[in-house]
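Heads up, the thing below is written out as structure tokens.
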2 protein chains.
Amino acid sequence: MKRRQTHSTQEILELLKAENQAMNHEMIQSKLDSQVNRATIYRVLNRFCEDGIVHKIVGDDGKQYFAFCLNCTQKTHNHNHFHFRCTQCGKVECLEKEASISLPEGYVLENFNGLISGTCNDCT
Amino acid sequence: MKRRQTHSTQEILELLKAENQAMNHEMIQSKLDSQVNRATIYRVLNRFCEDGIVHKIVGDDGKQYFAFCLNCTQKTHNHNHFHFRCTQCGKVECLEKEASISLPEGYVLENFNGLISGTCNDCT
DNA sequence: TTTTTAATGCGACATTGTTGCAATAATATA
DNA sequence: TATATTATTGCAACAATGTCGCATTAAAAA
């Protein structure tokens with residue numbers, strides 16, 4: 001199944017590239033120039049995730065956030081870094097430091113989801 | 001406002017103490033002897049959190065999980081440890097190792113939410 | 001230009017979690 | 001013990017998030 005480029009996919013990808021933060025569907029929808037259906041946004045984002053272009057973080061608010069992959073090559077698609085979510089302004093940004101986690105014997109890692117919330121530098 | 005002990009609060013607290021894992025409202029509801037309303041369960045759990053008896057983790061499935069505090073004294077109520085959620089059996093357990101995170105200047109930590117999902121030892 | 005089929009919009013739905021309000025029951029008071 | 005106080009509960013309603021089926025639209029291939 002080959003992917004097609006549409007207005008929606010292009011706009012959403014550009015937005016994610018331009019913004020230096022992870023965004024949930026609502027933030028994305030409100031920042032798009034054209035109106036895109038909610039279901040479509042989710043489908044586009046999930047497709048991006050499947051393709052390894054974008055990664056998904058679940059915030060401690062229970063919402064899904066999406067961010068453009070910066071340091072991921074096609075082979076190593078790792079996101080073992082923390083994200084910081086500001087409870088004041090809502091911004092979700094990547095914290096650079098990689099977290100190295102050693103799991104107990106017999107445990108297999110599928111997904112790393114490290115999130116710290118609090119107040120960011122701008123809102124202190 | 002003083003807390004009251006009710007059948008619900010006692011049962012839920014006992015359950016959380018007995019089980020060695022974090023549970024969401026559904027798991028709790030199904031394991032209770034008596035039937036307790038969903039809203040009540042949430043209210044009880046959130047009260048426990050306020051009192052520092054229980055801590056809350058948001059899974060990468062977006063659900064809230066609650067676990068009885070083991071190593072928290074009344075003064076230091078820290079949960080800077082990771083949780084592991086098995087995507088097969090649904091179990092959410094604490095990983096012992098504390099994660100030490102250094103935030104950038106001007107950032108204030110309110111909540112640490114570290115979660116790794118995958119398959120646990122039993123399900124491998 | 002025509003054909004193929006991936007992507008979209010719409011509506012409906014399941015699920016999670018919260019809240020207002022009247023009824024209940026745990027604790028304090030007499 | 002009996003009564004008063006008010007924290008807690010159950011119920012219903014609600015908002016929000018995310019998913020899915022299906023008919024329609026529009027990329028890309030032929």
Side-chain angles (χ1 to χ4, degrees), chain A residues 1-16 22-51 53-67 83 85 87 90 92 111 113 115 117, chain B residues 1-16 22-51 53-67 83 85 87 90 92 111 113 115 117:
Chain A
M1 192 200 279
K2 275 172 190 165
R3 295 278 132 95
R4 291 181 183 177
Q5 272 204 322
T6 67
H7 296 303
S8 303
T9 60
Q10 282 174 300
E11 258 198 270
I12 293 172
L13 190 57
E14 269 174 43
L15 177 61
L16 286 171
M23 291 186 288
N24 60 31
H25 112 265
E26 195 199 1
M27 297 156 91
I28 293 171
Q29 195 169 36
S30 68
K31 287 217 172 191
L32 288 176
D33 292 332
S34 45
Q35 288 200 338
V36 184
N37 186 270
R38 196 170 83 251
T40 301
I41 294 179
Y42 279 114
R43 281 190 277 228
V44 168
L45 291 169
N46 286 326
R47 249 179 283 146
F48 285 163
C49 283
E50 282 174 33
D51 299 346
I53 303 169
V54 155
H55 62 269
K56 183 197 289 193
I57 322 114
V58 178
D60 58 348
D61 54 0
K63 295 179 189 170
Q64 300 180 351
Y65 288 84
F66 300 86
H83 292 256
R85 180 178 141 262
T87 51
V92 175
N111 186 24
N113 201 79
L115 199 133
S117 65
Chain B
M1 192 200 279
K2 274 173 192 165
R3 295 278 132 95
R4 291 180 183 179
Q5 272 204 322
T6 67
H7 296 303
S8 304
T9 60
Q10 283 174 300
E11 258 198 89
I12 293 173
L13 190 57
E14 271 174 42
L15 176 62
L16 286 171
M23 290 186 288
N24 61 31
H25 113 265
E26 196 199 1
M27 298 156 90
I28 292 171
Q29 195 168 38
S30 67
K31 287 216 171 189
L32 287 176
D33 292 330
S34 45
Q35 290 200 337
V36 184
N37 186 270
R38 194 170 85 250
T40 302
I41 294 179
Y42 279 114
R43 280 191 277 227
V44 168
L45 291 169
N46 286 327
R47 247 179 285 146
F48 285 163
C49 284
E50 282 174 33
D51 298 348
I53 303 170
V54 156
H55 62 268
K56 182 196 289 190
I57 322 114
V58 177
D60 58 348
D61 54 1
K63 294 179 189 170
Q64 299 180 350
Y65 289 84
F66 299 86
H83 291 256
R85 180 178 141 262
T87 51
V92 176
N111 186 24
N113 201 79
L115 199 133
S117 65

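Numbers restart at 1 for each chain; the letters A, B, ... are given by sequence-line order, proteins then strands. Source: prediction; values computed, not measured. Only heavy atoms go into these numbers, but all of them, side chains included; no hydrogens, no water, no symmetry mates.
- In this structure, CG in B:Asn24 is found 10.0 Å from CG in B:Leu45, a value given to the nearest 0.5 Å.
- The distance from atom CD of A:Gln29 to atom P of C:dC10 is 11 Å, rounded to the nearest whole Å.
- Taking atom CD1 of residue B:Ile41 and atom P of nucleotide C:dT16, one finds them 12 Å apart after rounding to whole Å.
- Once you apply a 4.0 Å limit to the heavy atoms of chain A, the touched nucleotides of DNA chain D run 5' to 3' over D:dT17 to D:dA28.
- We find the CD-CG distance between B:Gln10 and B:Leu15 to be 13.5 Å, quoted to the nearest 0.5 Å.
- Considering CE of A:Met23 and NZ of A:Lys63, their distance stands at 14.0 Å, rounded to 0.5 Å.
- Atom CE of B:Met1 and atom P of C:dA28 are 15 Å apart (whole Å).
- Put simply, the side chain of B:Gln29 never gets that close to the backbone of B:Asn37: no donor and acceptor are under 3.5 Å apart.
- A:Glu11 places its CD atom 17 Å from the P atom of C:dA7, with the value rounded to the nearest Å.
- Closest-nucleotide positions on DNA chain C for A:Gln5 and B:Glu26 were compared, and the one nearer the 5' end corresponds to A:Gln5.
- Put simply, CG on B:Leu16 and CD1 on B:Ile53 are 10.0 Å apart, with the number rounded to the nearest 0.5 Å.
- A:Phe66 pairs in a side-chain contact (heavy atoms from CB on, under 4.5 Å) with only one of the listed residues (A:Asn46, A:Ile41, A:Ile12), which is A:Asn46.
- No more than 12 heavy atoms of other residues, nucleotides or ligands shown are found within 6.0 angstrom of CD on B:Gln35.
- As rounded to whole Å, 12 Å separates atom C1' of C:dT5 from atom NZ of A:Lys2.
- If you measure from atom CG of B:Asp60 to atom C1' of C:dT16, you get 16 Å, rounded to the nearest angstrom.
- Within the 4.5 Å cutoff, no side-chain heavy atoms of B:Ser34 are placed close to those of B:His7.
- Taking the nucleotide of DNA chain C with the nearest heavy atom to each of B:Lys63 and B:Arg3, the more 5' of the two is matched to B:Lys63.
- Annotation: side chain of B:Arg47 is in contact with side chain of B:Thr9 (closest heavy-atom distance under 4.5 Å).
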Contacts under 3.5 Å, N or O only, protein and nucleotides 18-25 of chain C:
from: C:dG20; atom 1: O6; to: B:Arg43; atom 2: NH1; distance (Å): 3.4

